[in-house]
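Beneath this line is the structure, given in structure tokens, with notes to follow.
Predicted model only: the values in this text are computed from it and were never measured. All values below were derived from every heavy atom in this structure, side-chain atoms included, with hydrogens, water molecules and symmetry-related copies excluded. Positions are given from 1, in the same order as the sequence printed here.
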Amino acid sequence: MSDESRAGAAAAAGHPSTDRWLIALDIDGTILHEDGSISDAVIDQVARLTGRGHEVMLATGRSVAATLPVLDLLGITPEYVVCSNGAITLKRDTDAPLGYRREIVETFNPGAVLTQIRGYLANAHYAVEDEDGYFRYTGEFPSSSMGVGGEQVPFEDLLAIDATRVVVISPGHDMEDFLAVVESMGLHRVSYSIGWTAWLDIAPDGVNKSTSLERVRALLDIPSSRLLAVGDGRNDIEMLLWAGADGRAVAMGQSPDDVAAAATEVTASVYDDGLAKALASLR
């Protein structure tokens, strides 16, 4: 029997292949197009790899409620899922209402950092996500960023919430101006990443996608040489550096230069099935 046949037989019998890979995928701009669609080519490649016994999982900045539907779209049920940029790690649990339970939750008090940022970005809009995925926010926030729901509150009401994530958007800034303002803040008490537009994600100190993924890798006992991570945003940089140290780190074709620089390879853009092309190279 060939190696491929053995891997397929092991997966079919419910026993992962001994040479399985841990494949960590970002969602927005990697799996999903801007309209929320997924190409058939991506779905086919994910099905092929899971059928061979590889562990295909999600690692996203999204809340839990905004992440779980993507698992259904892909038709996968990984053992672990990383949400909120690493602040929440889910574990598969068939007894849980949605099939997953919160295994690890990291929170922080956002009061000091919110007060600091507001001194630089007085007209920005702010949101705090709690461990249940509920958002409280000032100003206007896109509904797609919400998890289980949200409510508009005064800025002062955000300061004492136990937060898994803080989001700051500044509509009055273009990207370069926003980058300059954020860099001038010298944020060091929390981990932060800057999104595609004037958007800032803040996580608990020292927490990002890579810290949670490393924990998952150890739990699954998958060697670091068998890691494949794919992403497109600045909140993927640590994940790409982590995977690329011994394994493979793939940046999507539309990624900013600093994201591409953190990867070991660059694929086509999300519009040209870049993820499917990257996954097709894995056997």
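Closest of all the heavy-atom pairs between Ala260 and Ser255 is N-CB, 4.4 Å. Annotation for Ala59 and Met239: closest pair CB-SD, 3.9 Å, computed over non-hydrogen atoms. Contact between Lys277 and Ala268 at its shortest, heavy atoms only, is CD-CB, 4.1 Å. Counting all heavy atoms, side chain and backbone alike, Asp273 lies closest to Ser39 at OD1-OG, 2.6 Å. For Glu129 against Ser84, the heavy-atom pair with the smallest separation is OE2-OG, 3.3 Å. Thr89 and Tyr80 get closest at one heavy-atom pair: CG2-CD2, 4.1 Å.
Side-chain atoms of His125 do not come within 3.5 Å of backbone N or O of Tyr137 as any donor-acceptor pair. Distance alone, capped at 3.5 Å, is enough to place a donor-acceptor pair between the Arg102 side chain and the Glu131 backbone. Without hydrogens or angle criteria, Arg226 side chain to Leu22 main chain gives no donor-acceptor distance under 3.5 Å. Between the side chain of Asp132 and the backbone N or O of Tyr134, no donor-acceptor pair lies under 3.5 Å. Asp258 places no side-chain N or O within donor-acceptor distance of the main-chain N or O of Ala261, the cut-off being under 3.5 Å. Side-chain atoms of Ser212 never come within 3.5 Å of backbone atoms of Lys209 as a donor-acceptor pair (strictly under, hydrogens ignored). The main-chain N or O of Gly233 is found under 3.5 Å from a side-chain atom of Asp236 such that the two form a donor-acceptor pair.
Put simply, the residue from Ile169, Leu121, Val167 that forms a side chain to side chain contact (heavy atoms under 4.5 Å, CB included) with Tyr126 is Leu121. Just one residue in the list Leu90, Leu58, Leu98 forms a side chain to side chain contact (heavy atoms under 4.5 Å, CB included) with Leu71, and that residue is Leu58.
At a cut-off of 3.5 Å, with distance as the only test, a side-chain donor of Asn235 or Asn85 sits close to an acceptor on the other residue. A side-chain donor from one of Ser224 and Asp246 sits under 3.5 Å from a side-chain acceptor of the other.
A salt bridge is absent between Arg234 and Asp201; no separation between the charged side-chain nitrogens and carboxylate oxygens falls under 4.0 Å. At a threshold of 4.0 Å, the pair Glu106-Arg215 counts as salt-bridged, since one of the basic side-chain nitrogens sits closer than that to a carboxylate oxygen.
Between Val166 and Phe108, the closest side-chain pair of non-hydrogen atoms falls below 4.5 Å. At least one side-chain heavy atom of Leu279 sits less than 4.5 Å from a side-chain heavy atom of Leu228.
Annotation: Asp72, atom CG; neighbour count of heavy atoms from other residues, nucleotides and ligands within 6.0 Å is above 12.
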